[in-house]
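Report on the structure given below.
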Amino acid sequence: MKVLALDTSAQSGSVAALEWNSETAGVSQINLRSEFNFNAKATRHSEKLMWAIDQALFSAGWKVSEVDLFAVGLGPGSFTGLRIGVTTARTLAHSLNKPLVGVSSLAALSYPVAQWLNLFLPNTLVLAVNDACKGELFAFLGKASEVVNCQTFSSENRSLWNPGVLEDVFSPQDLLDHVENKRSSKDLSWCAVGDGVKVYPSLWDSLPTNKRVIVPDHFFNQVQGRYIGTLAIEAFCNQVKTNALEVTPRYLRASQAEMKLKKGELVRQPVSD
């Protein structure tokens with residue numbers, strides 16, 4: 001099975017081509033054929049995404065019509081970036097009549113760290129945090145043993161997540177309080193990844209440093225397409241099959257325009273016939 005996975009939830013976008021032997025059980029036989037990461041800060045996702053898709057397919061030696069499964073990061077993250085990524089994935093999958101699986105971008109960010117920790121410190125609290133702007137953070141958290149098996153959604157929005165795994169938007173202080181309450185109840189170690197770690201560097205000093213697990217350098221603080229694809233394959237193995245046009249971004253909060261409209265700061269314009 002050929003899988004094309006993409007994520008545009010943050011300033012760093014990613015596209016990956018993976019090949020999976022569907023005759024084997026699980027995801028142990030996934031091969032990464034190509035992966036392209038790009039920085040959309042200086043340009044725009046709309047300018048780089050199709051180029052990255054073309055490069056990933058060319059490097060893998062595939063035509064887009066040969067892709068069997070499409071995967072996309074649903075966020076949370078940039079409103080504009082998510083719309084571009086999800087719309088592109090929906091269009092490709094729908095036009096080719098192929099399945100599309102949406103994956104939490106933060107789950108994909110936490111996945112390699114959770115896998116690594118699950119080998120020797122399965123009770124470590126894994127925290128994936130990205131800057132939500134407006135003084136808030138998008139956060140995904142749970143113990144490593146919980147995170148590795150709870151990554152995706154069905155078309156009915158039925159979560160495959162284990163109890164104890166949470167994804168939401170927080171103020172920095174509310175997030176700290178939540179993490180400390182969860183951590184201190186069983187004196188858990190903790191590990192944080194994502195650009196939110198750098199945006200609020202002093203925030204984490206409030207958590208016990210002797211319980212912090214430092215992540216090796218080869219784990220990036222950005223979503224990688226290979227893990228979007230891996231989690232989509234896991235979902236496929238769990239019989240999660242989604243109509244492409246049913247896949248929508250997970251914003252977790254209203255947009256600035258929606259909030260202004262709700263407060264009466266914007267006026268609805270009349271629609272002409």
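We're numbering straight along the sequence, starting at 1.
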Check [Y] with [X], please: is the shortest side-chain N to carboxylate O separation under 4.0 Å?
{"X": "Arg183", "Y": "Glu180", "result": "yes"}
{"X": "Arg90", "Y": "Glu246", "result": "no"}
{"X": "Arg226", "Y": "Glu35", "result": "yes"}

Legend entry - Distance flag, aromatic centroids of Trp62 and Phe58, threshold under 6.0 Å: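 Ring centres of Trp62 and Phe58 not closer than 6.0 Å.
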Distance-only donor-acceptor check, side chains [X] and [Y], under 3.5 Å:
{"X": "Asn37", "Y": "Ser14", "answer": "yes"}
{"X": "Glu234", "Y": "Tyr111", "answer": "yes"}
{"X": "Asp7", "Y": "Ser105", "answer": "yes"}

Inset, instruction - Could you tell me how the ring of Phe170 sits relative to the ring of His178: parallel (under 30°), tilted (30 to 60°) or perpendicular (over 60°)? - result: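 Rings of Phe170 and His178: tilted, 30 to 60°.
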Legend entry - Pairwise distance CG(Asp54) to CG(Leu57) - rounded to 0.5 angstrom: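 Asp54 atom CG to Leu57 atom CG measures 7.0 Å (nearest 0.5 Å).
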Legend entry - Connected hydrophobic set around Phe36, excluding itself, where side chains approach under 4.5 Å: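 Grouped by the 4.5 Å side-chain rule, Trp51 form the rest of the cluster around Phe36.
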Inset, instruction - Answer yes if Leu188 and Leu121 sit in the same cluster of Ile, Leu, Val, Met, Phe, Trp and Tyr residues linked by side chain heavy atoms under 4.5 Å apart, and no otherwise. - result: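 Different clusters: Leu188 never reaches Leu121 through Ile, Leu, Val, Met, Phe, Trp or Tyr contacts under 4.5 Å.
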For the side chain of [X] and the backbone of [Y], is there at least one donor-acceptor N/O pair under 3.5 Å apart?
{"X": "Ser184", "Y": "Asp187", "result": "no"}
{"X": "Lys143", "Y": "Val126", "result": "no"}
{"X": "Ser189", "Y": "Thr124", "result": "no"}

Inset, instruction - Kindly indicate whether the side chain of Val169, heavy atoms from C-beta on, has any atom under 4.5 Å from the side chain of Tyr251. - result: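 Contact flag for Val169/Tyr251 side chains = no.
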Inset, instruction - Look at atom CG of Asn31 and say whether more than 12 heavy atoms of other residues, nucleotides or ligands are closer to it than 6.0 Å. - result: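 Result for CG/Asn31: enclosed.
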Contacts table for residues 194-203: side-chain donor-acceptor under 3.5 angstrom, sequence neighbours left out:
unit_1, atom_1, unit_2, atom_2, d
Asp195, OD1, Asp131, N, 2.7

